[in-house]
There are 2 protein chains.
Amino acid sequence: MPTRTAGQRRAEAKVAYDAYLDQCPSRQLLARISDKWVTLIICALGEHETTMRYSELARRIPGVSQKMLTQTLRTLERDGLVARTVTPSIPPRVDYELTPLGRSFLEPIQHVKCWAEHHMPEVDRARAAYDAARPE
Amino acid sequence: MPTRTAGQRRAEAKVAYDAYLDQCPSRQLLARISDKWVTLIICALGEHETTMRYSELARRIPGVSQKMLTQTLRTLERDGLVARTVTPSIPPRVDYELTPLGRSFLEPIQHVKCWAEHHMPEVDRARAAYDAARPE
DNA sequence: CCGTATCCTCCTAGATACTG
DNA sequence: CAGTATCTAGGAGGATACGG
């Protein structure tokens, strides 16, 4: 006995969520993950073979404030992309790593980061051309 | 006569830009393109076979304000991802389309949007579990 | 070492009104 | 139709100080 009708399964297979829609939760999720710090944290954790400590992450991502690092890690943990492990030693040790869900997001977001790094020269040329055409 | 030395070419082939670095222009570019409206606009233009008018885009992306739509389109145009064509008729007609550079960004960003749409249920479950573990 | 709490300052982005 | 201009509120995010 199926838990869903054929029609329901068909609808889900197509699109259960639509980020174009204003009130769709997937748009809010898109807004959350469309973030500089999210991208860099996920990529940093994804590159590393083992877990990463808080201070390691901070060093890997120069310029991130303590507040933004902690805050972003918390939301990523709550959203199930990052796992946080506390070792109650003195001094305390906290390790972060990607969950399976987080790893499923790694490839997409890595491509975005790489795109930015690889196409910077073209963007620079486009900006120069745009600005040159509109003097003053 | 080469315009760059072998060493310079090698360095560029590896990584000319590094988004992890605080002052690297590619991080600023990453910050720009890590944006809800950028994602939705690029995806909308990418789905469409022909060009899209301003009002078409506005309809495709419910909830976007006139200001954000115009502003985002301008920066995308300046960065060379979007081409803007004005037809001076009455009433005036303005068409937008992806440039080749913009199309090169379409696949990466589409995957991010799709990821959000497809993994929303798992994120929801993770949030519920997180919140349940921290009553109050 | 890894945070939390507080303050405080921008800057973003929405609302509104007006124009070629 | 497709914008521009102006105002303003709210939140994002940095700096700082303190705690387990």
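Every chain is numbered from 1 and lettered A, B, ... according to where its sequence line falls, protein lines coming before strand lines. Keep in mind that the numbers below use all heavy atoms, side chains included, and drop hydrogens, waters and symmetry copies.
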Using a cut-off of less than 4.0 Å, is there contact between a side-chain N or O of Tyr96(B) and OP1 or OP2 of dG3(D)?
yes

By the side-chain hydrogen bond (donor to acceptor under 3.5 Å, both in side chains) test, which pairs, at least two apart or in different chains, include something from residues 97-112 of chain B?
Trp115(A)-Ser104(B)

If every non-hydrogen atom of Cys43(B) is compared with every non-hydrogen atom of Lys113(B), which pair is closest and at what distance?
SG-CD, 3.7 Å

Shortest non-hydrogen separation from Ala19(A) to Arg27(A) and the atoms involved
O-NE, 3.1 Å

Can you see if the side chain of Arg53(B) gets near the phosphate of dA2(D) - specifically, an N or O under 4.0 Å from OP1 or OP2?
yes

Do the side chain of Arg134(A) and the main chain of Tyr130(A) share a donor and acceptor less than 3.5 angstrom apart?
yes

Any N/O pairs under 3.5 Å between the protein and nucleotides 14-16 of chain D? List them or say none.
residue : atom : partner  : partner atom : Å
dG14(D) : OP2  : Ser65(A) : OG           : 2.8
dG14(D) : O6   : Lys67(A) : NZ           : 2.9

Could you state the atom-to-atom distance from CZ of Arg32(A) to C1' of dA12(D) in whole Å?
12 Å

Residues of residues 74-92 of chain A with any non-hydrogen atom less than 4.0 angstrom from an atom of DNA chain C: list those, numerically ordered, please.
Arg74(A), Arg84(A), Pro91(A), Pro92(A)

For the residue pair Gly63(A) and Asp22(B), what are the closest heavy atoms and their distance?
CA-OD2, 3.6 Å

Considering only residues two or more places apart or on different chains, which pairs with a residue in residues 35-46 of chain A satisfy side-chain hydrogen bond (donor to acceptor under 3.5 Å, both in side chains)?
none

Using the C1' atoms of five pairs at each end, what's the angle between the two axes of the helix from dC1(C)-dG20(D) to dG20(C)-dC1(D), to 10 degrees?
50°

Non-neighbouring partners of Arg60(A) that pass salt bridge (Lys or Arg N to Asp or Glu O under 4.0 Å), sequence neighbours left out:
Glu47(A)

Show the numbers, then the answer: is there a side-chain contact (heavy atoms from CB on, under 4.5 Å) between Tyr54(A) and Gln66(A)?
CA-CA 10 Å; Tyr54(A) 181 88; Gln66(A) 208 175 41; 3.0 Å; yes

Which of residues 19-30 of chain A sit near DNA chain D, with a heavy atom under 4.0 Å from it?
none

Could you state the interatomic distance from CG (Leu40(B)) to CG (Leu45(B)), rounded to the nearest 0.5 Å?
11.0 Å

Under 4.0 Å between a side-chain N/O of Thr70(B) and OP1 or OP2 of dA2(D), yes or no?
no

Shortest non-hydrogen contact from Val112(B) toward Phe105(A):
CG1-CE1, 4.3 Å

Range on DNA chain C touched by chain B - first to last nucleotide, heavy-atom distance under 4.0 Å:
dA13(C) to dG20(C)

For Ser65(A), the side-chain hydrogen bond (donor to acceptor under 3.5 Å, both in side chains) test, sequence neighbours excluded, returns none

Give a yes or no answer on whether the side chain of Thr72(A) reaches the backbone of Leu69(A) with a donor-acceptor pair at less than 3.5 Å.
no

Under the salt bridge (Lys or Arg N to Asp or Glu O under 4.0 Å) test, which residues partner Arg93(A), sequence neighbours left out?
Asp95(A)

Kindly list each side-chain donor-acceptor pair under 3.5 angstrom involving residues 80-91 of chain A, sequence neighbours excluded, with atom names and distances?
residue  : atom : partner  : partner atom : Å
Arg84(A) : NE   : Tyr96(A) : OH           : 3.3
Ser89(A) : OG   : Thr87(A) : O            : 3.4
Ser89(A) : OG   : Pro91(A) : O            : 2.9

Salt bridge (Lys or Arg N to Asp or Glu O under 4.0 Å) partners for Arg127(B), two or more places apart
Asp79(A)

